[in-house]
Structures are given as C-alpha cells and as structure tokens.
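This is a predicted model, so every value here is computed, not measured.
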Amino acid sequence: MFRLLIHLLATSLIAGSVIAQGSGQPAQAVRMTLEQCVDRALMVSPDIEQAVLAVEGLEARLSEARFAGIMPQLQWTNIFGAAPGIKGDTEQIETIRSDLSDLGVFSRTHIELVQPLYTFGKLGNARKAAGFGLEAGEAAVESKKNDVVLQVKKLFYGLVLARELREIILESEEKVREARQRVNEMIEEDSEDVGQNDLLKIDVFEFEVQQSRSRAEKSIEMGKAALMALLGIDRSSDFDIVDAASGTDPADLEGLHVYIERAKSRRHDIRQLRAGVLARRALMKVAKSDFYPQIALAGSLQWGIAPHRPELDNPFLRDEFNFIRGGAVITLRQNFNFGMTRAKYLARKAELESLASKESQVLNAVELQVEQTYRDVIEARANVVNSDRALRSARAWLTAATLGFDVTGDSSELLDAYTAHAKMQHAHRQSLFEYRVSLAELDHVTGNGVFNARR
C-alpha cells in the first residue's frame, strides 16, 4: 500500500546528506510550504553549489582568453652578480683588461614584450570557446536547480499523501470503535441479529487498520527525515509541512506540440549541449589556426648597471655590465610539425561531429520523454476524475450500510462498505498524488520546473 512512497523516500534519504544532531536545546518548530521548501533547497543544495563553483572557474578562463588578445605578454627578468673592474686606458682598446682584484656588484634588467597582431583566428576562437563553455556551465546550474525542484516536489507531495492516508486510517479506527460499541450493545440486548462472529470480524478488520496506521506513521517519519536532509534542517527541529492546497482540480492541458517546443527552447540540458557544440566548433578552429604563422610585435628593453666600473664609450666594445639597449620587430612564428597539428585538428573535428550527432539524438529523446510525461498527466488526470466518482459511490454505499447496520446489526456488509470506502479514499488520494507528481515531471521535462515551483 505504501511501497511506492517508501521507495521514494528511502532513495532520497540515501542521496541526501545527514545533518548533525542538535545540542540538547529545545526543538525548534519549523513549518514550511512547498514554495519555502523549494527556495531553501535551491539555496543549500551542494549539487547546485558545485555547479556554481564550476561556473566561477569558467568565468576566470573566459577572462584569461579575453585578455590574451588585448594585453601584451610582458616579462621582467632581473639578475645580480659579481663584476670585475677594468684596468688599462679605456681610450685604447688593446690596453683594457678585466681586474679580478676589483670585484663589485652589478645588476642587469631585461624586459620583453610580445603583442599578438594576427593569429588567423586562434585568439578569437579561443575567446568564443571560453564564452560557450561559460554558457554551458550556467545552463548546468539551471539544470541542477530544475532537478532539485522536482526532488523537493516529490518528497513534499509524498509526505502530504502519507499524512492524508493517516487521516483516513484514523477515521476508519473511529468507525471500528463505533461498530464494536454498537455490536456489544445489541449483544447485551440479546439481539438475535448479532453474535460473537460479528466481534471477530471487527477484530480482524481492526488489526488491518492498525497495521496500515503503523505503515503510515513510518512513511511520515521517513518523509520528514528525507525532506529535512534535502533542506539542510537539523534533525532535532520540530519540522512539518504546510500544504496550502486542499486538493488539486484537474487542469486543462495545452497541445502536445506546445510542450515539445517549450522543452526544446527552455530545457537547460539542451542549452548546455548546444553551447558545448559551439565550443567544440571554436576549439576546432583554434586547432586549424596552427597551420598558419602567428604574427606578433616583439619588443625588448635591457639595461645593466655596475657602479664600480667606468662606462665604455667606444662603439667597438660591447659592455655587458653598463649598458642600455632596446628595440621592436615584427615576428612570424610557424610550427612546422604539421603531422601533430593535423592530428590535433582531426581530434577536435571528431569531438565536434560526435557532439553534434548526440544533439540530434537528444532532441529525439526529449520529444519522446515529453510525450510520455504528457500521456502520464492525461492518465493521472483521468484517474483523479474516476476515483472521485468511485469515492462518492463508496461513500453512498457506506451510508446505506451504516443505516442497515443500525437496524439489523449485520456487520458483514458494513465492514465491506468500510473496506471499499477506505480503499477508494486511498485510491483517490493516491491518484491526486500521482497527478501532482506527473505535473511536476511535465514542468521538469519542459524546463519549467523552477518557474512553476509554486504549483
């Protein structure tokens, strides 16, 4: 009776993280609506946090790619060491010698600058790849949010169902007590219409009701534990939900094609895949640019200082300790390892074709998934209408059986009517649960989960 709900809640318990126990303080009362549960889950979910951190890394990579083509590559090198003095006449080259007995300290500075001018699309496509990578990361965050919303809705609706079933069982227990009391009264009055067999039937029925109540209580506690773990609420808190909707009236659906087109335009996993295809295409162009030379402006500025050495003004002498020189040139850099370049290009091309093929497959799978979920909603909606009709019939039967029991004391039909009424109450509530879950899944597969989180 509760197997589906138990399975759902147990799975969520395994997936969720267990919150630390309280410190002995009085339990804090926490009452949350579905909207509040969704908001909190989106705020504390570790899966969403990890996706957001990944986006921050992609943002840094995009900034790096942007600055690569704007800011020059600048490198500063500074060295220090011992420099010998000079002996001889600095005006006469043949007399100049190094004086190792006169050692001093020298400093040499070298500044190099490289500014890319034209790279045959290497830098531009690198920026595009980083930008599409960031777009894919942002879509992954929204996809995680959509998943979390569906998980919260299922747990919330499951807990609502468990509570409603408990109320049905409590009502049945009250009816059993009334029936037992009536049978006992008729036995004391020496009525020929009832006997001990009627009490035995009530005993069996009461056992089944109590067994169902134990399962309902277990489902409620498991549901609360699973939802608290998902929401990051301390297990010592006095937690419960507030269901604003007393019921769910079957709503009209739009055409199937509307939901399919909505899924193709709004689903974040499709956005992520499409951004991935564009990123792979840009990376393929980056690899292709290695077939061509990279053109850049290269500049250099160097100077050295050795205070204890005299400066040499002779243009035929190259002094590596006291000097200043610089210049700028246009450079062409070509990688002639075309075999490796071609292999890299073909690898990028294969990645692109594989992902593009996957995009087509995913779109077909999404159409089928949306249609399946759409049909599930239609089926669940029909079950709600039919179970409501059957519930009204069971209620009428119970009323008639109750009147007959008051007159004849025959408990057989009354217990059958109780059983049918309780069964239809359960079936109707189960139908409502499945309808609400199917609507949540339809929102999820069309990428509308976060927007319709308050349904």
Task: Any side-chain donor near an acceptor of the partner, T341 and D290, under 3.5 Å - done: no
Open item on the list: Quick one, L165 with H426, criterion side chain to side chain contact (heavy atoms under 4.5 Å, CB included). Give me CA distance, side-chain angles, the key distance, then yes/no.
Closed with: CA-CA 6 Å; L165 295 182; H426 172 268; 3.3 Å; yes
Task: Pairwise side-chain contact, R267 with Q369, heavy-atom cut-off 4.5 Å (strictly under) - done: yes
Task: Among L363, N364, V362, the one residue meeting side chain to side chain contact (heavy atoms under 4.5 Å, CB included) with S360 - done: N364
TODO: Give the intermediate values and the outcome of side chain to side chain contact (heavy atoms under 4.5 Å, CB included) for residues V160 and R436.
DONE: CA-CA 11 Å; V160 170; R436 297 175 84 177; 4.0 Å; yes
Open item on the list: Please check this pair: side chain of N383 against backbone of S431, looking for a donor-acceptor N/O pair closer than 3.5 Å.
Closed with: no
- [ ] Assess whether atom NZ of K423 is packed by more than 12 heavy atoms of other residues, nucleotides or ligands within 6.0 Å.
- [x] no
- [ ] Salt-bridge test for R163 and D243: reply yes if a basic N is under 4.0 Å from a carboxylate O, no otherwise.
- [x] no
Task: E353/R280 salt bridge by N-O under 4.0 Å criterion - done: no
Task: Side chain S45, main chain L42, donor-acceptor under 3.5 Å - done: no
Open item on the list: So that I can tick it off, tell me whether E379 and R375 are bridged by a salt bridge, with the cut-off set at under 4.0 angstrom between side-chain N and carboxylate O.
Closed with: no
Open item on the list: Under the criterion side chain to side chain contact (heavy atoms under 4.5 Å, CB included), I'd like the reasoning laid out for V437 against K153: C-alpha separation, chi angles, the key distance, then a yes or no.
Closed with: CA-CA 7 Å; V437 169; K153 283 185 174 182; over 6 Å; no
Task: Heavy-atom side-chain contact between H444 and V149 under 4.5 Å - done: no
Task: Atom pair NZ/CD1 of K144 and I48 - distance to nearest 0.5 Å - done: 9.0 Å
TODO: Taking the side chain as every heavy atom from C-beta outward, state whether N146 and E142 have any pair of such atoms under 4.5 Å apart.
DONE: no
Open item on the list: A quick test of your reading: do over 12 heavy atoms of other residues, nucleotides or ligands sit less than 6.0 Å from CZ of F323?
Closed with: yes
Open item on the list: Whether the side chain of S143 engages the backbone of A140 through a donor-acceptor N/O pair (distance < 3.5 Å, no angle test) should be reported.
Closed with: no
Task: Closest heavy-atom pair and its distance - L442, V370 - done: CD1-O, 4.4 Å
Task: K122 atom NZ: more than 12 heavy-atom contacts under 6.0 Å - done: yes
TODO: Kindly indicate whether the side chain of L170, heavy atoms from C-beta on, has any atom under 4.5 Å from the side chain of R213.
DONE: yes
- [ ] Please answer whether the main-chain N or O of A296 pairs with a side-chain N or O of T331 as donor and acceptor at a distance below 3.5 Å.
- [x] yes
Task: Atom pair CG/NZ of L352 and K285 - distance to nearest 0.5 Å - done: 10.0 Å
TODO: Looking only at non-hydrogen atoms, find the nearest pair between V286 and A126 and report the distance.
DONE: CG2-N, 3.5 Å
Task: Minimal non-hydrogen separation, F156 against T33, with atom names - done: CE1-C, 3.8 Å
Task: Stepwise side chain to side chain contact (heavy atoms under 4.5 Å, CB included) check, D39 with E35 - done: CA-CA 6 Å; D39 290 341; E35 176 187 353; 3.8 Å; yes
- [ ] Take the angle between the ring planes of W76 and W303 and call it parallel below 30°, perpendicular above 60°, tilted in between.
- [x] perpendicular
- [ ] Please report the closest heavy-atom contact between V52 and V141, naming both atoms and the distance.
- [x] N-CG2, 3.8 Å
Task: Test salt bridge (Lys or Arg N to Asp or Glu O under 4.0 Å) applied to R271 and E138, step by step - done: CA-CA 9 Å; R271 276 185 51 212; E138 292 172 342; 5.0 Å; no
Task: Closest contact, heavy atoms only, T119 versus P116 - done: CG2-CB, 4.2 Å
- [ ] Evaluate the side-chain proximity of M32 to I241: yes if any heavy-atom separation is below 4.5 Å, no if none is.
- [x] no
Task: Euclidean distance, I169 CD1 relative to R215 CZ, rounded to 0.5 Å - done: 7.5 Å
Open item on the list: Would you say the ring centers of Y259 and Y374 fall short of 6.0 Å from each other?
Closed with: yes
Open item on the list: To the closest 0.5 Å, what do you measure between CD1 (I330) and CG (L297)?
Closed with: 5.0 Å
Task: Sub-4.5 Å side-chain heavy-atom contact between I378 and L253 - done: yes
TODO: Using atom types as modelled and distance alone, determine if a side-chain donor or acceptor of R235 lies under 3.5 Å from a backbone N or O of M228.
DONE: no
Task: N-O pairing of R274 and E135 below 4.0 Å - done: no
Task: Flag side-chain contact, heavy atom, 4.5 Å: I270 against Q272 - done: no
Task: Cationic N near anionic O, under 4.0 Å, K218 to E221 - done: no
- [ ] Test the R342-Y345 pair against the cation-pi criterion, namely NZ or CZ under 6.0 angstrom from the six-membered ring centroid and within 45° of the ring axis.
- [x] no
Open item on the list: Is a donor from one side chain sitting under 3.5 angstrom from an acceptor on the other, for Q372 and D376?
Closed with: yes
Task: Residues D234 and S236: side-chain donor-acceptor under 3.5 angstrom - done: yes
- [ ] Evaluate the ring planes of F321 and F106, with Trp represented by its six-membered ring, and classify them as parallel (under 30°), tilted (30 to 60°) or perpendicular (over 60°).
- [x] perpendicular
Task: Exam field: side chain Q294 to backbone L117, donor-acceptor pair closer than 3.5 Å - done: no
Task: Interatomic distance, M424 atom CE to S387 atom OG [nearest 0.5 angstrom] - done: 5.5 Å
- [ ] Mind listing the closest non-hydrogen atom pair of M284 and R348 along with its distance?
- [x] CA-CB, 3.7 Å
Open item on the list: Is any side-chain heavy atom of K288 closer than 4.5 Å to one of K349?
Closed with: no
- [ ] Please confirm whether the backbone N or O of A382 pairs with a side-chain atom of N386, one donor and one acceptor, at under 3.5 Å?
- [x] yes
Task: Pair H110, N78: side-chain N/O donor-acceptor within cut-off below 3.5 Å - done: no
- [ ] Kindly compute the distance separating CD (E167) from CZ (R429), expressed to the nearest 0.5 Å.
- [x] 10.0 Å
Open item on the list: Tell me every residue that passes side chain to side chain contact (heavy atoms under 4.5 Å, CB included) with V105, counting only those two or more places apart in sequence or in another chain.
Closed with: none
